[in-house]
There are 2 protein chains.
Amino acid sequence: MSNGTDKNSFKILFGKNLKRIRESKNLSFRQLATRCNIDYSDISKIEKGKRNIQLSSLLELSKGLGIHPKELLDFDFELDEKG
Amino acid sequence: MSNGTDKNSFKILFGKNLKRIRESKNLSFRQLATRCNIDYSDISKIEKGKRNIQLSSLLELSKGLGIHPKELLDFDFELDEKG
DNA sequence: TTATTAGTGGGAAAATATACCCACATATAT
DNA sequence: ATATATGTGGGTATATTTTCCCACTAATAA
């Protein structure tokens with residue numbers, strides 16, 4: 001059974017993807033924070049997969065990064081547990 | 001200035017896209033609800049753009065629909081206010 | 001040493017989603 | 001009329017995010 005594991009791994013993958021995009025734009029947490037309405041320390045937590053953000057926060061991040069929101073979800077992810 | 005307007009229009013577009021996908025699979029609210037851990041009445045509200053769901057709920061919906069989460073964000077959306 | 005920048009994480013009040021149930025209107029069919 | 005299925009929306013307690021500030025460490029530079 002993959003209980004809360006799926007949910008957690010998804011958050012972690014999301015965070016890693018966010019980190020990848022942020023670094024590709026050479027932005028620090030504090031720099032990105034000035035471009036969206038999210039505190040720099042909270043962005044750090046999001047990238048660590050510690051937070052289950054809402055659509056509005058996803059939108060803020062995408063605005064700060066200048067990308068379409070769907071890019072933040074653009075990573076491999078298996079829906080079921082699978083070999 | 002496009003204050004909370006962006007946030008709202010994004011939720012509404014998200015809801016419309018969810019509705020489009022759900023109907024393409026010929027699922028009623030109650031049928032989709034049995035496939036994910038979200039109440040049927042709440043799915044209705046999400047499609048109406050009334051709710052600002054979390055990543056975990058986005059994941060539940062995508063599991064219920066059998067699609068990758070990013071498909072739920074796959075719709076046109078302008079980041080800035082723009083003519 | 002001193003200053004600056006970066007990442008990390010704790011904490012708390014306020015705002016909000018979640019999870020759940022219920023009731024109602026409509027449509028279809030028996 | 002009765003039964004079934006669909007969409008809609010109200011309401012509530014609980015859980016959680018959000019928002020914000022602060023402090024610490026490490027690295028770099030003057």
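So you know, we letter chains A, B, ... as the sequences are listed, proteins then strands, and number each from 1.
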Send over the distance from A/Arg51 CZ to C/dG9 P, rounded to a whole Å. 13 Å
Can you check the A/Asp39 CG to C/dG11 C1' distance for me, whole Å? 13 Å
Considering every strand and a 4.0 Å limit on heavy-atom distances, what is the contact class for B/Asn37: base, sugar-phosphate, or nothing? sugar-phosphate
Salt bridge (charged side-chain N to carboxylate O under 4.0 Å, His left out) assessment of B/Arg35 paired with B/Glu60: CA-CA 9 Å; B/Arg35 299 166 191 233; B/Glu60 284 299 318; over 6 Å; no
Quick one: label A/Ile38 by what it contacts on the DNA or RNA (base, sugar-phosphate, nothing), any heavy atom closer than 4.0 Å. nothing
Could you pick out which residue, B/Glu23 or A/Ser56, lies toward the 5' side of DNA chain D when each is mapped onto its nearest nucleotide? B/Glu23
In whole angstrom, give the distance that lies between atom CZ of A/Phe29 and atom P of C/dT4. 22 Å
Separation of atom NZ in A/Lys48 from atom C1' in C/dG10, rounded to whole Å: 15 Å
More 5' along DNA chain C: A/Ser28 or A/Asp42, using each one's nearest nucleotide? A/Ser28
Counting only side-chain nitrogens and oxygens, does B/Ser41 get under 4.0 Å of the OP1 or OP2 atom of D/dG10? no
Within the structure, does a side-chain N or O atom of A/Arg22 lie under 4.0 Å from either OP1 or OP2 of C/dG7? yes
Does the plane of the ring in B/Phe75 sit parallel, tilted or perpendicular to the ring in B/Phe14? Use 30° and 60° as the thresholds. perpendicular
Charged N-O contact under 4.0 Å between B/Lys70 and A/Glu71: no
Nearest-nucleotide wise, let me know which of B/Leu55 and B/Tyr40 is further upstream toward the 5' end of DNA chain C. B/Leu55
Under-4.0 Å side-chain N/O to phosphate OP1/OP2 contact, A/Ser44 with C/dG9: no
Side-chain (B/Asn17) to main-chain (B/Leu72) donor-acceptor, under 3.5 angstrom: yes
If I take atom CD1 in residue A/Ile46 and atom P in nucleotide C/dG7, what distance separates them, rounded to the nearest angstrom? 14 Å
Is the shortest side-chain N/O distance from B/Arg30 to OP1 or OP2 of D/dG7 below 4.0 Å? no
Between CD1 of A/Ile43 and NZ of A/Lys48, what distance do you get to the nearest 0.5 Å? 14.0 Å
What integer distance in Å separates B/Asn52:CG from D/dT18:P? 8 Å
Starting at CG of B/Leu32 and ending at C1' of D/dT8, how long is that distance when rounded to a whole Å? 16 Å
Counting side-chain heavy atoms from C-beta on, which of C/dC20, C/dG9, C/dA23 comes nearest to A/Lys45? C/dG9
How close or far is atom C1' of D/dT17 from atom NZ of A/Lys50, stated in whole angstroms? 16 Å
